[in-house]
Structure formats: C-alpha cells, structure tokens
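What follows is a set of notes on a single structure, which appears directly below.
To find a chain, count down the sequence lines: A is the first, B the second, and so on, and within it residues start at 1.
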Number of protein chains: 2
Amino acid sequence: MRRNAEPPPRDEAELLARAEALAGLTLGELGGRRGLAPPTSPRRAKGWGGQLLEDCLGASAGSLSEPDFQLIGVELKTLPVDPAGKPLESTYVCTVPLAHLASPLWEDSNVRRKLARVLWFPLVTSRGAPVHARQLGTPLLWSPSAAQESRLRADWEELMELVSLGRAEEITARHGTVLQIRPKAADSHARTWATDAEGRRVRAPPRGFYLRTTFTAALLARHYAPGG
Amino acid sequence: MRRNAEPPPRDEAELLARAEALAGLTLGELGGRRGLAPPTSPRRAKGWGGQLLEDCLGASAGSLSEPDFQLIGVELKTLPVDPAGKPLESTYVCTVPLAHLASPLWEDSNVRRKLARVLWFPLVTSRGAPVHARQLGTPLLWSPSAAQESRLRADWEELMELVSLGRAEEITARHGTVLQIRPKAADSHARTWATDAEGRRVRAPPRGFYLRTTFTAALLARHYAPGG
DNA sequence: CGGGATCCAAGTGTGGATCCAC
DNA sequence: GTGGATCCACACTTGGATCCCG
C-alpha cells in the first residue's frame, strides 16, 4: 500500500466530496484504480480495505497517534455492514494504556481524540461473498452527540479505573455498554508491558478499545433511516 | 540468518573449542556450511560475517541487551584486520543513552557490561578482496586488564558527563583516547529521543560507543605478538 | 452471536558492523 | 586515516481491522 497516494485534502468539504465520489464502488474496482488486487482469502484481507481507502482519500502516511487527516483533524473508519446497513463487526478505536498507574482524564484520552471527528465509510459485506465484491456505501462525517459522548465517557471511566488499579486482567469484553476492551494482538501469546495491582511492571496481553455494533448501528441509523 | 543455529555452548571451554575449530576458514567456506552465499558487494556485507559466526557458535537468537552467549556471559565481536593482524576498523560497542539526565555510574554502564568478557574473532580482510575471501583468524577470549578498564572508564565518564548535561551535540569522534562516540544509524537523517541542556525532550541523531583501533590493536598485540 | 483470537503492512529500534569521501 | 555516513536482518509496535469457534 501507500503507492501513489493522493495529496491530503485541504478541508472537510474536499474530503467529503472525494469520499462521496467513491460510493458504490467495490473494493475490486477501487483496487483496480491503483493496480492492486484484493487478497483472495478474507482472513488475509483484514485491514486491506481501510488502508486502500486511506490512499485513495489522501490520508497522511503512517501518522502515529495523529488523525488520519492531520491537517483537518479527521479520523477515517471503514465499517463493515450487511446489505441492510447493519454493522457486522465492532470497531477498533485505539490501544489501552496498561502501563500507567495515574488515573487519567477523559478529556486527555486517546479514545476521545480519535472519535472527535470521524469519516465513517460503510462497506457492504455479504456473507460468503468474496473480498473484491465488498461495496462502498455512502460516507458519513460524524462527531459524537452530547448523549453519545456521555455514554462513551462513562464506559471509558469505568474501564480505566480498573486499569489504573492494575486490575485490567479482570476486564472482559462484557464490560461497557457502548465501549468495550478486547485483545488486540498478533495472537494470544503476545505480551506488552503493564502495571499490576502492586505497581510492578509485568507482562500482559495487549488490549484495545472497541465500539460495540449497537453503538455504530444507532449512529448510522440516525443519519440513514427514513425520516432520520 | 538464524537458520539451523547451533545449540548454545555450556561453558567458555566449549565456546573456545568451537571457535578455534573455525580458525583458517574463509567466510565463503563458513557460509557454505550453512548453505549461505556471502553478499557480493562489500557495502551489503556489513554485519553478515558477525551474524554468521553467531549462528555457527550457538549465540542466543536476537538476545536484547544480553550477552551473545547469555548462559556464560560472553560477547562475540568480529574484528576486521589486515594480513599483518592490524585492526582496520573501530569496534561498535553499544548505543549511547541520550535521553536520561541522571549522571550514571560506570559500574552500571552498558559499555562495561558488554566488554566484561569478549570473544574476539579476527577476520583477515585484504584490501580489494571479495567478501567470501575474508578469513577467520585465531579467536581470543578476553577481559579488560585493570589498566584497560581505567582508560575505558575515564573516557566513558568524560563523554557521559557531557551527555548528562544535555550537551551531546558537542561531542565528535575526536573525543576519547580509547573509546569514542560516533553516529549509529541507518543514515544521517535518523533521529531518536534525547534530552537537551534545558531538560527538554528533543530529537537528535542516534550515537554509539566505539573502541578505537589503537585500543583493539594493543589488545591483540599483547596476545599474538612474538614474546607476548 | 459475540468474545477472544487473529491477520497484514509499515514504521521504529537494536544488534551485527564496515564503508568511503574528505 | 578516520570521522561521519551508511547497510542488512529481525524483533517489536502500531494502525488498519475482521475472523471464527463454542
């Protein structure tokens, strides 16, 4: 990837215009424009669509801990949906900081920063259909409503309190109503540095924050539903 | 590399025996034993000989900040020499910690740890000869004499005092009588984190500690010279 | 159905050093 | 001669996510 990437968009209007121009294309067609063939196995296609879109829309290359579109502060997220528009998967947000004991503030959190402004790109994914047939829907430029941010914040504070106490091991994907914590690693053997309840540096599985499908489903529904 | 590496030696005697059995071989012959052909361009061969030898002698794979032979606490260093046995290059020891302000102690330094016990392997390198013709000399298991350690320590303390003051930028390869600091990076654009004179985190070129050739020449001479 | 497990690409850092222009 | 610049391999990390079995 990162071959012949587009220049960064200068403002949200330009980004949205570019994005809307891609609606309706399949990943096969989009890849063809850049001379790239989608992986044939779905397992090997994880992330491929998202990175292809980044190139096509001019996201800054490999920006670390920066929004995908740094200049204008927008994060790009593809969202696999079924033909009815219902999200099929949870959405990864960012890694969970397991090594810092100090109880952090929502205002300073990566979750809040990442979700402050998002360009959602639905990707219509039919069960059993090949990767190249996945089809881009209509993109949506979004910021959390007050109610949405409250829910995110409540979950985040509850989860991070456990993390700050060195009790991250107790957290499962069942915690959190809209935001959850799940493994985020190459495999279950991966380890990163964490702080345990006694303040010692220990090895623990890396984790990530994810948005539940109920949250992204509601978000899409508010914009695309008849009368929404 | 790391293909079919040998098991680690159990003690210094076993390591030295294995090493001595390789004396006289060329890199071409040694690589042939493992089915590996030396790079044809000298530029692309940097480090190749050293890593090949690690495999042949059973060094622990990719051990980070650990001696090459962890079990027995020995570091392996190849040393390019001319046909008369005189070192052709300085010897890289370890990276310079640029980010920590606290003035460190020689006793805790990586330089001291790395050089506490070294298996030196001369590699006879004739000017203009191809990589495969470089020939292993007689290995030497070494620890610093009291006088050698005093010199290393004096240089290290002088250099690290400047580093601790955030004045690493003032250091050139001209400092130090036996130990020097030089760039250690993919290229001159590389940057790592450092602390400046005002205590701010800044970007700076990565540096390494190197032994001057005068030091390694004297070290070899003491063992191999007639009457040494 | 969804919680736990996994997959790819690319950037970064470290360890192995020697190259080469001035 | 040698100070500054460079070269390769590989582990690790992060960012992009979706897979898939119980």
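- Taking the side chain of A:Asp187 as heavy atoms from C-beta on, and the options C:dT6, D:dT18, C:dG3, the nearest nucleotide is C:dT6.
- At a cut-off of 3.5 angstrom, the base of D:dC8 holds no donor-acceptor pair with the side chain of B:Gln51.
- For the pair B:Arg43 and D:dC7, the criterion of a side-chain N or O lying under 4.0 Å from OP1 or OP2 is met.
- Backbone-only engagement by A:Lys77 is indicated by non-hydrogen atom pairs under 4.0 Å involving sugar-phosphate atoms exclusively.
- When heavy atoms are screened at a 4.0 angstrom cut-off, B:Ala190 is found touching no nucleic acid atom at all.
- An OP1 or OP2 oxygen of D:dT14 is reached within less than 4.0 angstrom by no side-chain nitrogen or oxygen of A:Thr95.
- If you check every strand for non-hydrogen atoms under 4.0 Å, B:Thr213 touches nothing.
- Residues B:Trp142 and B:Gln148 have side chains in contact (heavy-atom distance under 4.5 Å, counting atoms from C-beta outward).
- Look at A:Thr172 and you won't find any side-chain N or O under 4.0 angstrom from OP1 or OP2 of C:dG3.
- Comparing C:dA5, C:dT18, C:dC7 against the side chain of A:Pro183 picks out C:dA5 as the nearest.
- If you check every strand for non-hydrogen atoms under 4.0 Å, B:Pro80 touches sugar and phosphate atoms only.
- Between B:Arg174 and D:dG3, a side-chain N or O to OP1/OP2 separation shorter than 4.0 Å is absent.
- Taking only side-chain nitrogens and oxygens, B:Arg44 comes nearer than 4.0 Å to OP1 or OP2 of D:dC8.
- A cation-pi arrangement is present between A:Arg203 and A:Trp193 under the rule of less than 6.0 angstrom and at most 45 degrees off the ring axis.
- When distances run from any side-chain atom of B:Arg182 to the nucleotides D:dA5, C:dC7, D:dC19, the shortest one goes to D:dA5.
- Atom CD of B:Glu161 has 12 or fewer neighbouring heavy atoms from other residues, nucleotides or ligands inside a 6.0 Å radius.
- Among the nucleotides D:dG4, D:dC19, C:dT18, the one closest to any side-chain atom of A:Arg134 is D:dC19.
- In terms of phosphate contacts, B:Lys114 brings a side-chain nitrogen or oxygen within less than 4.0 Å of OP1 or OP2 of C:dG16.
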(request) Apply the test salt bridge (charged side-chain N to carboxylate O under 4.0 Å, His left out) to residues A:Glu6 and A:Arg18: give CA-CA distance (whole Å), side-chain angles for both, the deciding distance (0.1 Å), then the verdict. (result) CA-CA 11 Å; A:Glu6 296 295 321; A:Arg18 283 190 201 172; 5.3 Å; no
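- For the pair B:Asp82 and B:Lys86, the salt-bridge criterion is not met [side-chain N within less than 4.0 Å of a carboxylate O].
- For B:Lys46 against C:dG15, a side-chain-to-base donor-acceptor contact under 3.5 Å is absent.
- Using a 4.0 Å heavy-atom criterion, one finds that B:Pro42 contacts the sugar-phosphate atoms exclusively.
- As judged by a 4.0 angstrom heavy-atom cut-off over every strand, B:Arg207 is placed among residues making no nucleic acid contact.
- Residue-level contact check: B:Ala45 touches neither bases nor backbone, having no heavy atom under 4.0 Å from any strand.
- Going from atom CD of B:Glu89 over to atom P of C:dC20 covers 11 Å, rounded to whole Å.
- Side-chain contact between B:Pro97 and B:Met160 is present, with heavy atoms from C-beta onward closer than 4.5 Å.
- The nucleotide whose nearest atom lies closest to any side-chain atom of B:Tyr92 is, among D:dC19, C:dG15, D:dG4, C:dG15.
- The side chain of A:Ser90 places no N or O atom within less than 4.0 Å of a non-bridging phosphate oxygen (OP1 or OP2) of C:dG3.
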